Amino acid sequence: MSEAMLDLRRQPKDRAYPQLHALLLNVLGGVDDDIAGMATISSMVHHAFGFLWTGFYRVIDRNLLRVGPYQGTLGCLDIAFGSGVCGTAAAERRTIIVPDVEKFPGHISCDARSKSEIVVPVFDAGGTLIAVLDVDSEKRGTFDQLDANGLERIVRWFAGEGRV
Ligand code: SME
């Protein structure tokens with residue numbers, strides 16, 4: 001792993017996320033490009049925690065998400081609003097934590113190894129939904145409110161927070 005990559009797998013989450021956030025703001029300093037932000041955030045979140053899949057689905061139409069920058073195995077290309085965890089989070093504009101994907105009705109399986117998942121909405125500075133951040137884990141029950149808080153803070157970069 002490059003020296004800019006943190007390995008936070010042994011850190012408690014309440015210490016891990018602030019470190020990751022600080023490094024991300026540093027790496028993204030001077031960048032004013034959402035796709036570059038999505039690619040960088042996907043890579044750093046993915047490798048810091050060793051997740052199974054980490055990436056963005058972008059809002060490309062009122063009712064459609066399309067895959068954006070990600071890390072991991074092949075992701076589904078398009079997801080309709082209201083479908084799966086991503087489409088539900090987009091339609092309801094809220095973070096969804098899924099401790100066991102088999103218990104989420106309509107969950108879309110892109111990789112059979114995925115056991116739990118969190119999806120966080122991404123807003124621009126005007127409050128418009130521009131994407132969702134989807135993170136998958138090979139273990140059940142990986143994500144909790146600390147992940148929600150940490151990831152929601154990270155994606156506030158797209159609304160201009162810490163973007164210099
Ligand atoms: N599981 C997601 C689909 C995206 S993949 O996990 C990369 C869902 O149910 O929306």
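First listed ligand is number 1; within each ligand, the first listed atom is number 1. Here the structure is a predicted model, which means the values were calculated and not measured. Keep in mind that the numbers below use all heavy atoms, side chains included, and drop hydrogens, waters and symmetry copies.
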Please tell me if the side chains of [X] and [Y] come closer than 4.5 Å, counting only heavy atoms from C-beta onward.
{"X": "V119", "Y": "Y57", "value": "no"}
{"X": "I108", "Y": "S83", "value": "yes"}
{"X": "M5", "Y": "S43", "value": "yes"}
{"X": "F81", "Y": "R62", "value": "no"}

Applying side chain to side chain contact (heavy atoms under 4.5 Å, CB included), run through Y17 and L151 and close with a yes or a no.
CA-CA 8 Å; Y17 278 106; L151 295 171; 3.9 Å; yes
At a 4.0 angstrom heavy-atom cut-off, what protein residues surround ligand 1?
W53, Y57, I79, G84, V85, C86, H107, I108, C110, E117, D134, D136
Determine, step by step, whether F49 and F143 satisfy the ring pair (Phe, Tyr, Trp, His ring centres under 6.0 Å) criterion, reporting the C-alpha distance in whole Å, the side-chain angles of both residues, the deciding distance to 0.1 Å, and the verdict.
CA-CA 11 Å; F49 292 107; F143 305 104; 8.9 Å; no
